[in-house]
Amino acid sequence: MESEVVNLLISLLGAVYFMLPAYVANLSGLAFGGGTPIDGGKDFHDGSRLIGNGVTWRGFKNGTILGTLVGGLLGIIGMFYGDLSALTGGIIDLHVYGSVFAGLILGFLMAFGALFGDAVGSFLKRRMGLQSGEPAPIMDQLDFVVGALILSLLVIRISWKLFIMVCLISIILHVASNSVAYLLGIKDVWY
C-alpha cells in the first residue's frame, strides 16, 4: 500500500514536470500581460466581446516565450539526467525532454497551445453570456490544459491515464495559484 502511494506521488510530480511549460505560460500570460487585447476590443456578431480584455498580445507573446524557455531548460535537465520516465512508473514519457531542441519544440507547442486554449475558453465564455472574470467551472481550469495537450500531440503520444491525471492536478493547481494571485492583488477573483 505504501509503495503504491509513493508511486502515485511520483507520477503526480512527473505530470507536473511534464506540464511545466504550459503552467508557466498560463501564469506568465497573466503576470506579464496587459496592453492590447487580442480581439482589439471588437464585438462578435452576437453583440458581446469576441474574447475580452484578459487575453492580450503581450501576455500571449511573453507566456509563449517563457513556456518555450522552460521547455528548453527541461531539455537541458533531460540531457544530464537521461530519460526520467522510469520515475513515473512509465505513465509519463519524459524522454521528450531529452535534448534542448526537443524541449524547446515541446515547450513552444505546450506554451502556445495553453494560451490558445485559454483564448478559446474566453471566446466560449463570451458566447455563453459570461463576462471576463465570471466563473465557468472546469472550463476555467482546463481550457489551457486541453490546448497544450492537443498541440503537444504533434510531437508526442499522450495516454488517457496521463490526460486524466494532468486534468485533475491542473484543477487543483489552478484554483490554488489563482487564490494566491488573488491574495497578492494580481487577480480580482480567487478562481
Side-chain angles (χ1 to χ4, degrees), residues 12-39 50-52 54-78 84-85 88 91-127 132 136-175 177-178 181:
L12 292 173
L13 288 173
V16 170
Y17 182 87
F18 172 75
M19 288 296 293
L20 275 176
Y23 291 154
V24 167
N26 192 49
L27 289 170
S28 301
L30 172 66
F32 303 111
T36 307
I38 286 180
D39 67 7
L50 191 60
I51 297 175
V55 182
T56 66
W57 287 112
R58 186 182 319 148
F60 206 97
K61 177 189 74 169
N62 290 335
T64 300
I65 290 169
L66 289 172
T68 302
L69 291 175
V70 167
L73 178 62
L74 296 178
I76 291 170
I77 292 169
L84 300 174
S85 300
T88 69
I91 294 171
I92 304 156
D93 185 4
L94 293 177
H95 87 278
V96 296
Y97 291 122
S99 71
V100 175
F101 181 74
L104 288 170
I105 295 297
L106 184 58
F108 171 78
L109 291 171
M110 291 183 82
F112 185 88
L115 296 167
F116 184 77
D118 188 54
V120 169
S122 292
F123 174 81
L124 293 173
K125 282 176 68 172
R126 299 303 92 76
R127 303 301 64 83
S132 291
I138 305 301
M139 187 184 343
D140 285 337
Q141 290 79 33
L142 295 181
D143 54 6
F144 79 98
V145 170
V146 171
L149 292 177
I150 286 174
L151 277 192
S152 71
L153 289 172
L154 293 171
V155 294
I156 62 168
R157 291 168 143 190
I158 297 173
S159 70
W160 281 106
K161 192 171 188 176
L162 174 60
F163 179 79
I164 291 167
M165 184 182 295
V166 165
C167 287
L168 292 174
I169 292 168
S170 298
I171 289 170
I172 294 166
L173 289 176
H174 195 266
V175 170
S177 65
N178 281 349

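No experiment lies behind these values; they were computed from the predicted model shown.
At least one donor-acceptor pair under 3.5 Å links the side chain of N62 to the backbone N or O of F32. At least one donor-acceptor pair under 3.5 Å links the side chain of T56 to the backbone N or O of G34. Formation of a donor-acceptor pair under 3.5 Å by the R58 side chain with backbone atoms of G29 is not found in this model.
The side chain to side chain contact (heavy atoms under 4.5 Å, CB included) test with V24 singles out one residue from L73, V70, T68, and that residue is V70.
To the nearest 0.5 Å, the span separating CG on L12 from CG on L173 amounts to 9.5 Å. Interatomic distance, F144 CZ to M139 CE, rounded to the nearest 0.5 Å: 14.0 Å. With rounding to the nearest 0.5 angstrom, the CZ atom of F108 is 10.0 Å from the CD1 atom of I65. Atom CG of residue L74 and atom CZ of residue F18 lie 10.5 Å apart, to the nearest 0.5 angstrom. Atom-to-atom distance recorded for S177:OG and I172:CD1 is 12.0 Å, nearest 0.5 angstrom. The OG atom of S122 lies 9.5 Å from the CG atom of D39; values are rounded to the nearest 0.5 Å.
Salt bridge status for D140 with K125: present, with a side-chain N to carboxylate O gap under 4.0 Å.
A ring-centre distance under 6.0 Å is not found for F60 and F116. Aromatic pair Y23/H174: centroids not less than 6.0 angstrom apart.
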